[in-house]
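Accompanying notes for the structure given below.
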Amino acid sequence: MPVNGLLLNFARGAFDDVEILSQLKSIEEVTVGELVGDSLPVVVEVDSPQQSKMIHRMLEGLDNVVSVDVIFASVD
Amino acid sequence: MLERRDFLKVSAMAAATSAAAAKAGQEHHSPVVAGGLKWDKAPCRFCGTGCHVKVGVRDGKVEAIAGHEGADVNKGLLCMKGYHVGGILYGEDRLTQPQLRVNGKLENITWDEAINIMAQKIYDNPKGFANYGSGQWTVPEGYAAQKFIKGGLSNNHIDPNARLCMASAVTGYVSTYGVDEPAGCYDDLDVADVVILWGNNPAEMHPVLFSRIIDRRSRGETVTIVDIGTRRTRSTEFADEFMEMKPQGDMAIANCISHYLIEDGSYDKAFVEKHCNFRIDVDERTRDLMGKASSFEEYREKLKPYTYEYVSELSGLSVEQLQKLVGYFADHQLKITSLWCMGMNQHTRGTAINRLVHGIHLLSGHFGTPGNAPTSLTGQPSACGTAREVGTLCHALPGGRLVAKPDDRADCEKIWKLPAGTVNPKPGYHTVKMWEKFCTPTSEGGDITTMFVQVTNPGQTLPNLAKLFTNKEALKDKFLIVSEVYPTATTALADLILPAAMWVEKNGVYGNSERRTQQWFKMVEPPGEAREDTWMTLAVARKLYDMGYAGMKDKHGDFLFKMTDEGGDEVAVWDYAHYHDINVDRVLYDEYRDFTFKKHKDLAPYDVLAQHTGLRWPVVQGDDGVYRETKFRFSEFSDSYVGKGKGIQFYHSVTKDDKAQIWFCPYEAPPEVPDEAFPMWLSTGRVIEHWHSGTMTMRVKELHNAMPSAYVELHPDDARDKGIGNGDLVKVVSRRGEMVLPAWVNGRSLPPQGSVFVPFFDETKLINEVTLEAFCPVSFEPDYKKCAVRIEKVG
């Protein structure tokens, strides 16, 4: 069961904490950290690598997200 | 004991958060969310020190302030006002709605109505319109106002309140070095062996800077502080020497020092020969900016009367004290920084005394290396950055240019895309003259009929208020428009009040006393209908454009303030619904930046500036693409504009030979001195708890409680002779007016016998009803530090 640490990178000044946080918090597999600059650290805990990829793509598609960096990937 | 999965999740979050922090650090600054607050940076709203703060915002409100530990100026420290700067936004009586005075009463109106009224007033009589601005204008605000009136209306009646505080510093710098602003910077304070205070009180007025000097002692360093002043202050408590001076004595003291440096042979002959010329006034009666060329021999001859004995008589300093001052400057091993502020600038010979102190440093070679600097500090957060550098003075244009110079006018017309001949070559009215004209009946030559006041409080801060402000009340054809954040002595007479956004309720750029330009982004919304001052200028300009006023079109027929988005489409920034579609500050700043290169005042690009806690100009891009600030101007080791091998180069020299000017200026007595009817001196100034007219700080509970009201401070012997005890009500009377204040004896400062001090922050005690409007003939800056009064116990 992969545990990944990701960085969501937003367009400068475009982070809308109300909207984005609501969306992210509604996703059971995602734990949200604290915004630093225009980057939001999140942890994704899923059942399989396939599911991990799906969530990654979904995060990339969020409004104003410019890119998603993979910072930490657990190895089982 | 942590389960493995929990350990992985914690590790993942820690790693991602660290990566975010590292990413933020690649740019020097980004907002940070921590502890539930969103933190961003801004310069403090108050004084010219330019401390940088961190502003913590939650739910749209400023909730916390901290000193910015990464800021060069204050390194995380703030003064008592700085720690409470967030509170200035939340006074209960914040202005939130435009208001028009109808039959003596203020009525709420819409912004459309307000802008229409303003535009019509200007349209009907554009030459009779004047704009009184401020050293608290942001750079874009001042630039927009400047372009509007000088470019759009071909009218030079714009002057900032900095005329009342820094104009003499400007004329001193320009007539000495050929260009405004100090050569040194705050780094001088970190290494100077001797710091001489010329009539200023930095312990209260620039406390963070003063701390920078005093902290050196706590680290075991030796710093000698010499306090030359007309009263003992909190700064005196830290001084090694206090030299009590008679008012205006500074001129005699300065000439005495120069005289003996020459007579003793201890002046820096090589420095003077290589880097200096000499100048004097044109004749005995004429006082202007440039004077005429003189010689070392003539300079030496003119200084001869300034013997120790003569100057001791004029200044009140003892011969020994004068010898000590000479001794400091005669020692070429010492690093000496001279600091001054209003004591020398608010002075009927302000230009002259500024020149003289610059001259001592040049004559003795205490110039151009760290710790050796003559530096005028500023009171306002952007008197340097906006009032001076943007050129919002009645004779000036952006970037050190002058309305009187054809090339300078042509530069403006080119950048502003205006037809040749648009900018008026005749200087407008300076502050005292402007208000005099506004408060004089039109039938008697009072040709200013509409006055627009922004970000300042002249109803409290002008000298001789009855003549220069209150008279307006009786003149029904005069129209006063005031943009403000709170009700003030100025709004009390306003015909039209415009509620303004302040500080972090808008984007902004300020410039502090050491040439440091500092930027910030908007963090919270202004209350009610309050709007940005820049928007007000753009909206009025557009209204005039729509009314067909030709000056609001550039030579291509476009709106004078045309702004486009990234796609090149014009944005209706005059319509508040679209004002924030683009960063208007950036557009104006970028245009203004083009002006800054001619006089080597290069500003950094906006995006570069936004990443720093300020950069000192000239900011020059190296071959590696990196923008670097300049700490010490005119010195080859620091200033990239100095030619190779020159060592020191005054590249804007008025004599066009890379040399600075050492001036001789004779001692001249003040225009009003104590006499039988008015036997005491009055000096006015500030206190640490309040900033200027107290509009902001008096509404912060902690600051208000620390200093709730003004007072008159007098020597205990004078108090005893008049039967005055602490707290007794005393009437301070001059030829111009009177004011009743409680007496404070043995308070925080000690005026000498025959002298009193009153701070001007209290709007219920307008001491400027008593002060004198006499001004320096070169800078037009009034003298708030010396007039004649008598005091009478009340009851």
Side-chain angles (χ1 to χ4, degrees), chain A residues 1-25 27-49 51-53 55-56 58-60 62 64-76, chain B residues 2-41 54 56-61 70 504 507 519-524 566 580-583 585-586 606-612:
Chain A
M1 289 176 70
V3 172
N4 297 327
L6 307 178
L7 204 56
L8 307 191
N9 301 306
F10 293 88
R12 178 164 176 81
F15 178 75
D16 182 338
D17 49 1
V18 175
E19 282 273 346
I20 294 285
L21 284 180
S22 308
Q23 277 184 279
L24 290 170
K25 284 176 179 174
I27 307 170
E28 193 182 350
E29 293 84 356
V30 173
T31 305
V32 180
E34 295 224 358
L35 186 77
V36 182
D38 293 307
S39 300
L40 184 69
V42 301
V43 170
V44 176
E45 183 186 12
V46 289
D47 290 331
S48 68
Q51 211 176 352
S52 177
K53 278 186 190 160
I55 300 251
H56 190 120
M58 183 274 295
L59 291 172
E60 281 179 321
L62 289 174
N64 295 314
V65 170
V66 173
S67 61
V68 178
D69 295 332
V70 178
I71 307 298
F72 180 100
S74 67
V75 177
D76 282 320
Chain B
L2 207 57
E3 295 292 336
R4 180 175 180 274
R5 287 212 70 75
D6 290 333
F7 173 75
L8 286 173
K9 282 158 72 173
V10 166
S11 300
M13 184 60 81
T17 304
S18 296
K23 201 172 188 120
Q26 284 167 18
E27 302 175 315
H28 296 279
H29 161 76
S30 287
V32 171
V33 175
L37 292 162
K38 184 175 177 184
W39 291 89
D40 205 346
K41 67 172 184 71
K54 295 190 299 190
V57 173
R58 186 188 350 242
D59 296 332
K61 192 171 174 188
V504 295
N507 291 341
Q519 181 276 349
W520 73 94
F521 287 112
K522 174 178 172 176
M523 299 178 205
V524 295
E566 281 175 6
H580 299 102
D581 287 358
I582 58 172
N583 185 344
D585 253 36
R586 176 207 288 271
Y606 188 88
D607 287 337
V608 171
L609 195 62
Q611 296 302 323
H612 290 80

Task: For A/Val43 against B/Met13, the heavy-atom pair lying closest together - done: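 Heavy atoms only, the tightest pair is CG2-N, 3.4 Å.
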- [ ] Give the minimum heavy-atom separation between B/Ala16 and A/Leu6, together with the two atoms involved.
- [x]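 It is CB-O, 3.6 Å.
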Open item on the list: I'd like to check the ring pair (Phe, Tyr, Trp, His ring centres under 6.0 Å) partners of B/His580; sequence neighbours left out, ordered by chain and number.
Closed with: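 B/His580 satisfies ring pair (Phe, Tyr, Trp, His ring centres under 6.0 Å) with B/Tyr576 only.
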- [ ] Look up atom NZ in B/Lys9 and atom CG in A/Asn4, then write down how far apart they are to the nearest 0.5 Å.
- [x]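 Those atoms lie 12.5 Å apart.
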